[in-house]
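In the text below, chain A, chain B and the rest are named by the order of the sequence lines, each starting its count at 1.
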Amino acid sequence: MMRAPVGLLSAAILLLASSADIAAQDLMDHSAHSGHDSMRLDRDGSVMNENLDSLPRGCEALGRHLHFTIHAGVKYARDIPGSIFGMSQYEVRVEPCSRVTVTFVNEDEVRHQWMVHGLPKYLYPAGMFHIEASGGKSVTGTFIVPAEDRNYLIHCDLSQHMEKGMRGQLVVGRGSGDLWSVGGASAYFFRDDYMPRFALLFAVLLAVPGFLATWYLAKRESATGSASRREIFD
Amino acid sequence: MKIRKSLLLLIAAIAIGALSYPPQWYPMPLRLQLTRWFGAADYRPLPLSMDPQVLDAETFCPEDASGWREAQVIDGVSVTRSAPCVADNPYAVAAFVKGTNNVSKDTLLRSGLTSDAVEKGRDLDGDGDPDEIHIRLEVAELNGGSSVTQRPVTSYDIAPGIQPGMWVFAPKLVGMAVENFETGIARDALRLPSPAIRVEQGDSITITLENSHYMPHTLHLHGADHGFVDSSGEGNDGVPITSEIPVMPGHARSYELQPRHAGTMFYHCHVQPHVHVLMGLQGLFVVEENRPNNWLQTMNVGAGLVRAPSAAVRESYDQEYDLHYLDLDKDLGERIRKYRDPRLITQSMHREYDITDADVDFFTLNGRSFPYTFRESLLVAAEGERLKLRVVNGGAKGISLHTHGHKFSVTDRDGVRLSPATIVPQDVVWIPTAQRVDLDLFLTNDGLHSYGRGIWLYHDHQNKGVTNDGIGPGGNISAIVYADYIDDSGWPKTQGVPWNQYFTKEYYRKEIPIWESYAPGLFSNTVSDPWWYPRLAGMALALAMLAALSIAALRRRSS
Ligand SMILES: [Cu+2]
Ligand SMILES: [Cu+2]
């Protein structure tokens with residue numbers, strides 16, 4: 001019985017899904033993983049596509065130098081129900097053309113990443129800037145954000161880390177609208193149901209008196225109404 | 001007057017109903033009687049065959065753009081040639097042999113591994129090879145769910161269009177889990193099965209499980225000599241109910257062992273093992289005999305050909321292969337995509353899923369099912385070569401491993417050498433769940449060990465094992481291919497039916513008639529019989545008329 005509306009809903013979601021996929025792909029747009037052309041790697045972790053001084057197109061001068069310290073670990077997920085991996089900060093707001101230095105502190109005993117996607121490919125191969133820290137390590141990297149107002153995806157690309165909490169956004173200038181499913185900032189695009197156990201019974205209990213009341217009112221009206229109306233109800 | 005009209009309508013309804021009722025549905029006595037009166041009905045042709053569907057087949061044998069198949073020497077490590085289309089990354093092989101802490105920076109970068117993935121330390125017994133080995137394992141989810149896309153995340157196809165949800169142990173890698181974001185395909189080292197691990201007898205081994213997954217896991221060294229507690233007195237067996245608290249997400253734990261006995265062993269997670277082991281958290285654990293200058297390929301990603309075999313194996317064999325059989329339950333794997341919230345996933349997998357009512361659907365060999373097995377797990381050899389096969393059945397049901405054209409001998413079972421009298425040629429071996437067998441497969445053309453050159457299948461002879469969810473050919477079918485029966489790209493020169501349809505999703509979605517490629521039209525899908533439309537219309541009209549007449553009659557009676 002409950003399956004029908006759920007089915008309809010999921011059909012609607014399916015239609016929406018393709019557009020969400022496209023939107024997500026747009027933000028994640030980058031060609032084949034370009035390997036190690038610009039990678040600083042040591043035992044603590046790695047920084048890929050670091051950029052200290054190349055200005056993105058449209059930037060007349062380098063903006064402010066901003067510094068963020070972002071912690072990662074399971075303990076930062078505790079306040080967000082249904083997530084396992086977390087970050088101390090999911091939203092990073094910066095002015096266009098600023099130089100952003102991120103110190104990524106990994107408080108877990110497994111690897112984590114802080115990756116930004118969708119950056120201009122002429123400066124950042126594959127459109128990404130990427131910091132990876134081994135368990136218990138901290139790694140610092142710097143990049144320069146483009147001139148346009150836009151939201152960029154931040155995430156950890158270990159299998160299921162983004163899906164289980166490590167998903168944030170970099171907002172440049174006024175941004176271009178929140179991304180979906182950002183920890184503590186925006187809703188999940190696909191969400192589990194969490195339907196109460198007796199929801200069906202509850203719905204039926206409401207529907208029965210609703211039906212009876214409408215029936216009663218309609219009958220009363222037909223008893224007192226015009227002749228033509230009476231014909232309809234007979 | 002009114003009654004007469006109704007009567008006429010009633011007669012019309014019955015007539016329409018009777019005329020449109022399909023004769024093949026008439027009761028048998030009536031049909032026989034009609035035959036007696038009128039004889040057989042006139043010939044009416046059966047519906048035609050449908051035109052074959054135009055299919056877009058995948059490339060059978062992807063091009064080896066980076067030259068990974070070739071024999072090469074990397075950082076002084078000899079990596080043998082791998083004949084099938086898809087080969088392991090030889091830089092990772094070299095890094096596993098020398099240790100990720102000892103290889104050149106270039107090799108390390110090309111291997112994709114972290115510098116601490118497999119660390120090799122001191123030579124404790126002074127025999128020319130390192131005896132302190134530190135291995136790090138992560139846990140990865142393949143074909144998982146997401147709150148922003150409905151595509152499987154970190155996708156991995158075991159066969160065309162088949163993407164069961166899976167968990168695997170993985171080597172410790174640098175960077176993203178996927179090749180790139182457009183495809184979302186898992187990078188080559190993230191795959192089923194969990195890597196085969198190779199250590200030397202007597203080595204001092206530490207394995208750190210870095211639990212990068214969102215559920216608790218452990219490492220249990222099945223059959224390999226290890227203490228119940230480690231050097232600090234902590235649990236070392238990986239069994240939550242007796243040994244230690246599982247490794248929670250984001251946490252790590254080290255297991256220690258110094259195996260005194262050599263042989264083919266096994267490792268797996270021991271948290272809710274009826275679910276976690278079936279999901280893929282299991283791998284071969286090979287303890288090689290101690291030899292001088294024995295530099296081992298500590299991990300064999302995806303199992304298969306060992307491209308840098310041990311000294312002991314090189315003494316007696318030309319090639320060594322790790323063969324990992326695993327079956328998968330579609331219904332279990334789906335649950336990691338059905339829910340996003342780990343609380344709901346856990347509830348669904350560990351409470352709602354009932355393995356006592358379950359059955360398996362997919363049958364993999366080294367992480368793939370037919371036809372993808374032919375890209376990776378062919379045993380390619382020349383006549384006269386001696387092959388050592390280390391086989392584990394990690395599946396929920398037993399397998400009945402059979403070779404065409406050959407008889408092999410079981411030399412070891414569960415890592416223990418059998419008595420010589422029992423080592424006899426056979427062509428079927430029963431391998432129950434979790435058992436390992438070492439097989440000698442000698443390509444000696446003597447009418448017993450081998451019947452000569454060719455392409456000879458080897459597969460589980462239990463019938464469901466050669467299907468993908470009931471569609472054959474599928475499952476763990478692979479082949480022994482003699483060197484002159486394989487082309488330069490690594491594809492066997494088969495001379496049977498065309499394979500295009502097997503490389504389509506549609507075939508395994510059960511949409512393609514199975515013999516269409518070589519008997520088109522004969523066993524095709526049929527077009528439907530258009531006569532059903534007037535018949536169904538007539539029957540529906542008759543029923544509607546009868547219903548209307550009955551209601552009218554009832555109303556007349558009540559008024
Ligand atoms: Cu992470
Ligand atoms: Cu587990």
Exercise. Count the heavy-atom pairs under 4.5 Å between each of A:P81, A:S134, A:S83 and chain B, then report the option with the highest count.
Key: A:P81
Exercise. Taking ring-ring contact (aromatic ring centres under 6.0 Å, His included) as the test, write out the residues that go with A:F85, two or more places apart.
Key: A:H112, A:H161
Exercise. Check the surroundings of atom CD in B:E352: do more than 12 heavy atoms from other residues, nucleotides or ligands lie under 6.0 Å from it?
Key: yes
Quiz item: Of the listed residues (B:I345, B:N211, B:L173), which shares the most heavy-atom pairs with chain A below a 4.5 Å separation?
Solution: B:L173
Quiz item: Could you give the distance from OG1 (B:T149) to CH2 (A:W180), rounded to the nearest 0.5 Å?
Solution: 14.0 Å
Quiz item: How close do B:A177 and A:S159 get, heavy atom to heavy atom, and via which atoms?
Solution: CB-N, 3.7 Å
Quiz prompt | Shortest non-hydrogen separation from B:S147 to A:Y188 and the atoms involved | solution = OG-CD2, 3.3 Å
Quiz item: Counting heavy-atom pairs under 4.5 Å to chain A, which of B:P249, B:G112, B:G144 comes out on top?
Solution: B:P249
Exercise. Could you tell me which portion of B:L108 (side chain, backbone, both or neither) has an atom closer than 4.5 angstrom to a non-hydrogen atom of chain A?
Key: side chain
Self-check item: Positions in residues 275-283 of chain B that reach chain A, provided some heavy atom is under 4.5 Å away
Solution: none
Quiz item: Just how far is it from atom OG of B:S212 to atom CD1 of A:I84, taken to the nearest 0.5 Å?
Solution: 13.0 Å
Self-check item: chain A contact via B:R136 - side chain, backbone, both or neither, heavy atoms under 4.5 Å
Solution: side chain
Self-check item: Heavy-atom donor-acceptor pair, A:E109 side chain to B:A252 backbone, under 3.5 Å
Solution: yes
Quiz item: Any idea which of B:R340, B:M248, B:E210 has the most non-hydrogen atom pairs under 4.5 angstrom with chain A?
Solution: B:R340
Exercise. Answer with side chain, backbone, both or neither: which region of B:T154 has an atom nearer than 4.5 Å to a non-hydrogen atom of chain A?
Key: side chain
Quiz item: Who passes side-chain hydrogen bond (donor to acceptor under 3.5 Å, both in side chains) against B:D331, sequence neighbours left out?
Solution: B:R335
Quiz item: Does a sphere of radius 6.0 Å around CG in A:L52 hold more than 12 heavy atoms from other residues, nucleotides or ligands, not counting ones at 6.0 Å or beyond?
Solution: yes
Self-check item: Region of B:K338 that comes under 4.5 Å of a non-hydrogen atom in chain A
Solution: backbone
Practice problem: Answer yes or no: are there more than 12 heavy-atom neighbours, outside B:R509 itself, under 6.0 Å from its atom CZ? | Solution: yes
Quiz item: Atom CG of A:L41 and atom OG of B:S115: how far apart are they, to the nearest 0.5 Å?
Solution: 6.5 Å
Self-check item: Those residues that, when tested against A:R191, pass side-chain hydrogen bond (donor to acceptor under 3.5 Å, both in side chains) (two or more places apart)
Solution: none
Quiz item: Can you tell if the side chain of B:V148 reaches within under 4.5 Å of the side chain of A:R167, non-hydrogen atoms only?
Solution: yes
Quiz item: Charged N to carboxylate O below 4.0 Å: is that the case for B:E138 and A:R111?
Solution: yes
Quiz item: Between B:E119 and A:R43, is there a salt bridge with N-O shorter than 4.0 Å?
Solution: yes
Quiz item: How long is the span from the CG atom in A:D42 to the OG1 atom in B:T114, to the nearest 0.5 Å?
Solution: 11.5 Å
Exercise. Could you grab the distance from atom CD of B:E141 to atom CG of A:L158, nearest 0.5 Å is fine?
Key: 12.5 Å
Quiz item: Between B:F181 and A:H117, how do the two ring planes meet: parallel, tilted or perpendicular, split at 30° and 60°?
Solution: parallel
Quiz prompt | Residue among A:K164, A:E163, A:Q160 satisfying side chain to side chain contact (heavy atoms under 4.5 Å, CB included) with B:P342 | solution = A:K164
Quiz item: Any side-chain heavy atom of A:Y194 within less than 4.5 Å of one from B:L344?
Solution: yes
Quiz item: Quick one: CE on B:M176 to CE on A:M115, what's the gap to the nearest 0.5 Å?
Solution: 4.5 Å
